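Quantities reported herein were computed from a predicted structural model and do not represent experimental measurements. When a residue number appears, it is its place in the shown sequence, counting from 1.
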Amino acid sequence: MPIQARAEETRIRILDAGRVCFSLSGYDATSVSDVCQEAGITKGAFYYHFESKLSLFLELQNQWFSQFDMVLRMSAETRQTGKERLLSLQEFSREIFTGAGNYAPLLFEFWVQSTRIPPVQKKSAESFKRHVDMLNRLIVEGQADGSIKAGDPE
């Protein structure tokens, strides 16, 4: 296997292990050693890809928000009514909490750590604002197309 492909495979294993460890034990109780053990790698391999436990956590948070942003954009780009788009987001949310992989524990950990760790808080606040703005736009569009009753979307 080429070096670059092996490095990417290792990085993915670290990210997957981080998801598992942070979901099961939380950020505070998870160590770099725990992640390395879960991923089946050395600490040197970990630090080749990530500067710290926090940098891994921030990358997972970034991936989470990127996926959620993509779903919001896809929903906004469909030709459905505003109400139908909001209902599809509701179905997506249900899948997050009950579907394969159940990301709820990790999502809750992002929220908890956003009260303690400034870079996590900053990313959470930016993403929250983006998501509220998008939802407001969907509500306004739904009001315009008649699928949602008029009112203040805020």
Review point. Where does the angle between the aromatic ring planes of F22 and F57 fall among parallel (under 30°), tilted (30 to 60°) and perpendicular (over 60°)?
Key: perpendicular
**Study point:** Minimum-distance pair of heavy atoms, taken over all atoms of A45 and T10
**Key:** CB-CG2, 4.3 Å
Study note, to complete from the structure: Between the CD atom in E59 and the CD atom in Q63, the distance rounded to the nearest 0.5 Å is 4.5 Å
Practice item. With side chain to side chain contact (heavy atoms under 4.5 Å, CB included) as the test, would you mind laying out the steps for L54 and Y27 before giving the verdict? Key: CA-CA 9 Å; L54 178 58; Y27 178 81; 3.4 Å; yes
Point to revise | Same apolar cluster (I L V M F W Y, side chains within < 4.5 Å links), V120/W111 | key: yes
Point to revise | Check ion pair R116-D28 (N to O, under 4.0 angstrom) | key: yes
Point to revise | Inter-residue atom distance I148.CD1 - E84.CD, 0.5 Å rounding | key: 10.0 Å
**Study point:** Q113-E109 side chain donor-acceptor pair, cut-off 3.5 Å
**Key:** yes
Exercise for review: Could you grab the distance from atom OH of Y48 to atom CD1 of I14, nearest 0.5 Å is fine?
Suggested key: 10.5 Å
**Study point:** Set of residues satisfying side-chain contact (heavy atoms from CB on, under 4.5 Å) with respect to V20, sequence neighbours excluded
**Key:** L24, E38
Check your understanding: Is there a donor-acceptor contact under 3.5 Å linking the side chains of S33 and K43?
Key -> yes
**Study point:** Closest non-hydrogen atom pair, C36 against T42
**Key:** SG-O, 3.7 Å
Point to revise | Joint cluster assignment, L56 & Y47, ILVMFWY side-chain distance < 4.5 Å | key: yes
Check your understanding: Between I12 and L58, is there a shared hydrophobic cluster once you connect ILVMFWY residues whose side-chain heavy atoms come closer than 4.5 Å?
Key -> no
**Study point:** Presence of salt bridge, K129 and D133, under 4.0 angstrom
**Key:** yes
Review point. Can the positive tip of K123 be found less than 6.0 Å from the middle of the six-membered ring of F65, inside 45° of the ring normal?
Key: no
Exercise for review: Give a yes or no on whether the backbone of G40 and the side-chain of R13 come within a donor-acceptor separation of less than 3.5 Å.
Suggested key: yes
Check your understanding: Would a distance-only check, ignoring hydrogens and angles, find a side-chain to backbone donor-acceptor pair under 3.5 Å from S147 to K83?
Key -> yes
Review point. Which distance, rounded to the nearest 0.5 Å, do you find between the CG of L87 and the OG1 of T81?
Key: 7.5 Å
**Study point:** Over 12 non-hydrogen atoms of neighbours within 6.0 angstrom of CD in Q37
**Key:** no
Exercise for review: Decide, yes or no, whether a salt bridge links D16 with R19 under the criterion of side-chain N to carboxylate O below 4.0 Å.
Suggested key: yes
Practice item. Please step through side-chain hydrogen bond (donor to acceptor under 3.5 Å, both in side chains) for the pair S124 and Q61, ending with a clear verdict. Key: CA-CA 8 Å; S124 294; Q61 182 188 34; 2.8 Å; yes
Exercise for review: Please confirm whether the backbone N or O of C21 pairs with a side-chain atom of T30, one donor and one acceptor, at under 3.5 Å?
Suggested key: yes
**Study point:** side chain to side chain contact (heavy atoms under 4.5 Å, CB included) between F50 and V35, worked out
**Key:** CA-CA 12 Å; F50 295 96; V35 174; over 6 Å; no
Review point. What's the spacing between I41 CD1 and R11 CZ if we round to 0.5 Å?
Key: 11.5 Å
**Study point:** Interatomic spacing from OG in S52 to CZ in F46 - rounded to 0.5 Å
**Key:** 7.0 Å
**Study point:** Under 3.5 Å donor-acceptor, K122 side chain and I117 backbone
**Key:** no
